Amino acid sequence: MQRAITLALQAQFKTEPNPIVGAVLTDRNGQVLSEGFHEKAGSPHAEVVALRHFETVPEDAILFVTLEPCSHHGKTPPCTDLILKKNVKTVVVGCQDPNPLVSGKGIAALRANGVFVTTGVCESACRNINRVFNKHIVSHLPYLTVKAAVSLDGKIAMASGESQWITGELSRAKGHELRSQHQAIAVGRQTLINDNPRLTDRRSAKGRQPIQIVYASRGDIPFDSFFVKNRQTRRILFAGNGIQPEMVKRLCAEGVEVFIDDRSRPTVLWSLERLYEIGVCSLLIEGGGELIASMIREKVADQLCLFLSGKIIGSSSAISWTGELGIEKLADVPHLSFDHIEKLGDDLMLTCFFPKP
Ligand SMILES: NC(=O)c1ccc[n+]([C@@H]2O[C@H](COP(=O)([O-])OP(=O)(O)OC[C@H]3O[C@@H](n4cnc5c(N)ncnc54)[C@H](OP(=O)(O)O)[C@@H]3O)[C@@H](O)[C@H]2O)c1
């Protein structure tokens with residue numbers, strides 16, 4: 001199963017909206033007979049790749065697969081049918097498919113046809129490699145990662161708004177890696193004004209660029225910003241119902257798609273629903289503090305990547321990465337769980353998970 005997980009990870013961030021899946025066929029002694037993984041949406045499933053060289057597999061063959069085989073007709077026929085056709089007698093499954101519409105049905109279909117199925121082998125590892133899929137397939141919302149570069153006292157900018165650069169080069173390179181792992185990147189209006197970020201994945205020479213998103217209730221953003229001028233990339237502005245038709249026209253003329261909430265300020269949940277509708281499964285929020293505060297208040301964030309510098313800004317009027325949450329009791333504050341910590345030059349990168357709502 002470890003080998004199957006390694007195979008699955010070769011396609012990480014390339015299979016959306018599908019999960020990553022690895023499969024290994026062995027004999028009774030653990031000798032690998034063949035293997036495969038799901039490369040991208042529309043391409044053969046891992047089981048199909050692992051079984052393709054066999055008319056029927058040897059009598060003692062065991063198929064290890066990180067995720068429950070599908071039993072429904074999607075873009076490709078059910079893998080359970082193929083497993084039966086190739087006469088696989090033993091299947092070891094890492095974790096059940098979290099999709100409530102199909103969960104457990106693949107395992108049940110195999111068992112009903114006399115296949116010996118063991119489940120839950122390396123279960124948490126098999127589940128964790130598909131965090132993005134697990135979130136969107138159940139909630140129909142994109143997986144949301146919050147990223148911030150902060151001083152040791154949690155500030156994302158000086159009181160003047162100056163913020164470049166709080167962290168070092170290695171942290172910034174890691175930030176670009178995060179961009180390449182998400183389908184869309186978002187910032188609040190004030191960050192666009194202060195920083196004019198390019199919001200591009202500079203590591204990607206020819207691959208896809210993430211969709212760029214700005215939250216600005218009235219759409220009043222600088223028209224000479226990289227966001228407005230970058231016609232190569234899909235750009236979306238989330239606005240409120242107070243945006244003037246003239247402003248919508250000007251933005252559309254620049255190729256910016258404008259989505260308008262029926263509230264005066266677009267809520268994050270509403271925007272995530274719109275993003276999921278257009279096929280976005282993962283979103284990276286790059287600040288600033290006020291936008292991140294909305295994500296936390298609305299309890300829609302999944303993961304935090306905090307780049308922590310040893311610098312101290314030390315000003316109560318400088319913005320902190322969480323903005324103003326307005327929580328009064330300690331019992332009510334969000335309590336994140338630490339996943340791991342990495343040293344990046346002089347900085348630390350903390351990866352944490354938000355509590356599930
Ligand atoms: N160190 C870092 O990692 C980092 C990263 C990013 C930014 N920054 C710094 O952060 C500062 C800006 O942060 P900020 O907190 O002032 O502003 P921000 O979060 O960038 O933008 C806030 C603005 O976004 C608009 N908005 C629209 N919908 C929203 C919603 N649902 N929730 C929240 N805001 C919404 C609002 O303007 P409307 O009312 O007009 O809609 C709001 O005033 C800059 O100085 C920048 O340099 C630092």
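Residue indices begin at 1 and follow the sequence shown. It should be emphasised that the depicted structure is a prediction, and the values quoted were computed from it without experimental measurement. Counting starts at 1 for both ligands and their atoms, following the listed order.
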_Just checking Phe238 against Trp270, ring centres under 6.0 Å apart?_
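So the answer is yes for these two rings.
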
*Establish, yes or no, whether a centroid distance under 6.0 Å links the rings of Tyr143 and His136.*
no

Distance filter under 4.0 Å to [X] heavy atoms, resulting ligand 1 atoms:
| X | value |
| --- | --- |
| Ser294 | 30 (C), 31 (N), 32 (N), 33 (C) |
| Ser163 | 47 (O) |
| Ala148 | 3 (O) |
| Gly161 | 45 (O), 47 (O) |
| Ala157 | 45 (O) |
| Ile319 | 11 (C), 13 (O), 14 (P), 16 (O) |

Would [X] count as being in polar contact with ligand 1, using the rule that some N or O on each side must be under 3.5 angstrom apart?
| X | answer |
| --- | --- |
| Gly289 | yes |
| Leu291 | yes |
| Gln190 | yes |
| Ala149 | yes |

Selected option - heavy-atom contact closest to [atom], from [options]:
| atom | options | result |
| --- | --- | --- |
| atom 36 (C) of ligand 1 | Arg263, Arg265, Met295 | Arg265 |
| atom 31 (N) of ligand 1 | Gly242, Ala239, Pro266 | Pro266 |
| atom 22 (C) of ligand 1 | Met158, Glu290, Glu162 | Glu290 |
| atom 26 (N) of ligand 1 | Trp270, Phe238, Tyr215 | Tyr215 |

Around [atom], find the nearest protein heavy atom and jot down its residue, atom name and distance.
| atom | answer |
| --- | --- |
| atom 46 (C) of ligand 1 | Asp195 OD2, 3.3 Å |
| atom 45 (O) of ligand 1 | Asn194 ND2, 2.9 Å |
| atom 38 (P) of ligand 1 | Ser217 OG, 3.5 Å |
| atom 23 (C) of ligand 1 | Arg189 N, 3.8 Å |
| atom 10 (O) of ligand 1 | Ile156 CD1, 3.3 Å |
| atom 7 (C) of ligand 1 | Thr191 OG1, 3.1 Å |
| atom 5 (C) of ligand 1 | Glu286 O, 3.1 Å |
| atom 18 (P) of ligand 1 | Gly288 N, 3.5 Å |

*Show your working on side chain to side chain contact (heavy atoms under 4.5 Å, CB included) between Asn18 and His38 and close with a plain yes or no.*
CA-CA 9 Å; Asn18 289 356; His38 179 50; 3.0 Å; yes

Within the 4.5 Å heavy-atom criterion, are [X] and [Y] side-chain neighbours or not?
| X | Y | result |
| --- | --- | --- |
| Thr167 | Leu308 | no |
| Ile62 | Arg28 | yes |
| Leu67 | Cys126 | no |

*Any donor-acceptor N/O pair, Arg235 side chain to Asn230 backbone, under 3.5 Å*: yes

*Hey, is the main chain of Thr145 close enough, under 3.5 Å, to the side chain of Gln303 for a donor-acceptor pair?*
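No; zero donor-acceptor contacts below 3.5 Å.
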
_Salt bridge flag under 4.0 Å for residues Arg189 and Glu290_ =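 Looking at Arg189 and Glu290, the cut-off is not met.
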
_Any residue meeting side-chain hydrogen bond (donor to acceptor under 3.5 Å, both in side chains) with Ser316, in chain and number order, not counting sequence neighbours_ =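 Per chain and number, Ser316 pairs via side-chain hydrogen bond (donor to acceptor under 3.5 Å, both in side chains) with no residue.
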
*Take Arg3 and Ile5 through the side chain to side chain contact (heavy atoms under 4.5 Å, CB included) test and state the conclusion after the steps.*
CA-CA 5 Å; Arg3 174 69 191 148; Ile5 292 171; over 6 Å; no

*May I ask you to establish whether Arg274 and Phe259 are in a cation-pi arrangement, using a distance under 6.0 Å from NZ or CZ to the six-membered ring centre and at most 45° from the ring axis?*
no

*Does the pair Ile213 and Leu237 meet the rule for a side chain to side chain contact (heavy atoms under 4.5 Å, CB included), with working shown?*
CA-CA 6 Å; Ile213 294 162; Leu237 185 130; over 6 Å; no

